[in-house]
Amino acid sequence: MDQSGDAVRVKAIRKLLLRWFRKSGRSFPWRLHRDPYAILIAEKLLQQTAARPGVVDAYSELLARYPSIKSLARADIRTLNRIVRPLGLGYRAKELRQIARTLVSLFGGAVPSEISELMLLPGVGEYAARAVSCFAFGQHVAIVDINVARFLYRVFDISEPFPANPARKRSLIEMATNLLPKGHAREFNLAILDLCAAVCRPTRPHCEICIIRKYCGYGSRQTTKTAGRSLPGSPSIPNGLILPSAA
Ligand code: SF4
């Protein structure tokens, strides 16, 4: 596709995804407000838990019991453990308290907005830092996890091997950033996450019902009959892998 064709495609993808998200986006309690502390807690709970139902319960109880960073910094570890244990990751209680303590000692008890500062927090990697920066502070920041990376590989027919750590792959972050519509970064990031969860699935993407199929490299090659059965032409995409994308 030439440059003007690419621009038309990007414009169409932005428009269609935003429209779809406004109608079909998922609802989670952490999406209802922009409190940086609450959003950081949500991102930590969502890591490696694939948005299990227990995440909503743990999130609600955590914020009710520890409504501020300072209260979490003083948390009793057994109580914290009891709250997060159903998510199956025992180390997370200590990590959450350590995050709160680091916020108190390094940032005066506030959540910073810069990605580099957020990544100073224990257990906060590039994906979570970018998510907090965008969702809580409205920064024009793209987020890339394995699902978003798979989406980009499919849409733009990327042929190079799939990276071991997509969240830190500069070329993917740059591509995702170029796709972001100005003034709508939050909505657009969420739209991709939700499309990946509902339609652009890891093993069987539902191209036959996908709103951007016409503009997607992989989807446009599928017939209704074959859509979702295989990924010819994209052998490097790890179809069976899935990580949480419910930010
Ligand atoms: S058309 Fe298929 S491969 Fe492309 S974004 Fe939609 S579901 Fe994913």
Side-chain angles (χ1 to χ4, degrees), residues 1-28 31 46 50-51 127 130-131 134 141-167 169 171-182 184-247:
M1 193 176 287
D2 60 22
Q3 267 193 336
S4 63
D6 269 343
V8 168
R9 176 154 76 141
V10 165
K11 206 171 159 191
I13 289 172
R14 287 172 176 161
K15 190 174 161 192
L16 289 167
L17 272 184
L18 284 175
R19 190 192 295 162
W20 176 82
F21 176 72
R22 286 165 193 156
K23 203 170 145 212
S24 308
R26 292 174 296 175
S27 172
F28 292 109
R31 288 187 179 181
L46 287 165
Y127 174 86
R130 287 180 161 273
C134 177
V141 162
I143 58 172
V144 176
D145 66 358
I146 194 167
N147 297 314
V148 176
R150 187 186 302 106
F151 167 84
L152 293 172
Y153 264 67
R154 286 170 177 167
V155 172
F156 295 105
D157 276 333
I158 301 172
S159 57
E160 62 181 70
F162 200 84
N165 187 352
K169 177 84 175 168
S171 57
L172 283 181
I173 292 173
E174 197 178 315
M175 184 176 276
T177 304
N178 290 337
L179 201 53
L180 279 186
K182 279 202 175 67
H184 298 283
R186 177 180 179 276
E187 269 186 302
F188 194 76
N189 279 323
L190 292 174
I192 295 181
L193 295 180
D194 286 3
L195 189 84
C196 289
V199 182
C200 196
R201 303 283 300 162
T203 50
R204 295 175 68 88
H206 299 299
C207 303
E208 69 280 10
I209 57 160
C210 183
I211 29 94
I212 62 162
R213 179 176 173 186
K214 186 175 156 191
Y215 302 98
C216 169
Y218 174 72
S220 60
R221 288 194 299 277
Q222 305 306 299
T223 63
T224 303
K225 199 174 161 197
T226 59
R229 291 197 183 159
S230 63
L231 288 173
S234 304
S236 55
I237 304 175
N239 299 329
L241 294 174
I242 185 164
L243 286 178
S245 273

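Since this is a predicted model, take the numbers as computed values, not measurements. Nothing fancy with the numbering, it's 1 onward along the sequence. In each ligand, atom 1 is the first atom listed, and ligand 1 is the first ligand listed.
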Ligand-side contact atoms (ligand 1) for residue partner [X], heavy atom cut-off under 4.0 Å:
{"X": "C210", "value": "1 (S), 5 (S), 6 (Fe), 7 (S)"}
{"X": "R154", "value": "3 (S)"}
{"X": "F151", "value": "5 (S)"}

Would a distance-only check, ignoring hydrogens and angles, find a side-chain to backbone donor-acceptor pair under 3.5 Å from [X] to [Y]?
{"X": "R154", "Y": "C216", "result": "no"}
{"X": "N189", "Y": "V141", "result": "yes"}
{"X": "D194", "Y": "R26", "result": "yes"}

Audit row: N178, E174, side-chain contact (heavy atoms from CB on, under 4.5 Å) steps and yes/no: CA-CA 6 Å; N178 290 337; E174 197 178 315; 4.2 Å; yes

Student check: side-chain heavy atoms of H184 and L180 closer than 4.5 Å: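 They are not in side-chain contact.
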
Closest to atom 4 (Fe) of ligand 1 (judged by heavy-atom distance), picking from C216, S220, G217: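 The residue whose heavy atom sits nearest atom 4 (Fe) of ligand 1 is C216.
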
Contact check: C207 to atom 4 (Fe) of ligand 1, N/O/S below 2.8 Å: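 It does not; every qualifying atom lies at 2.8 Å or beyond.
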
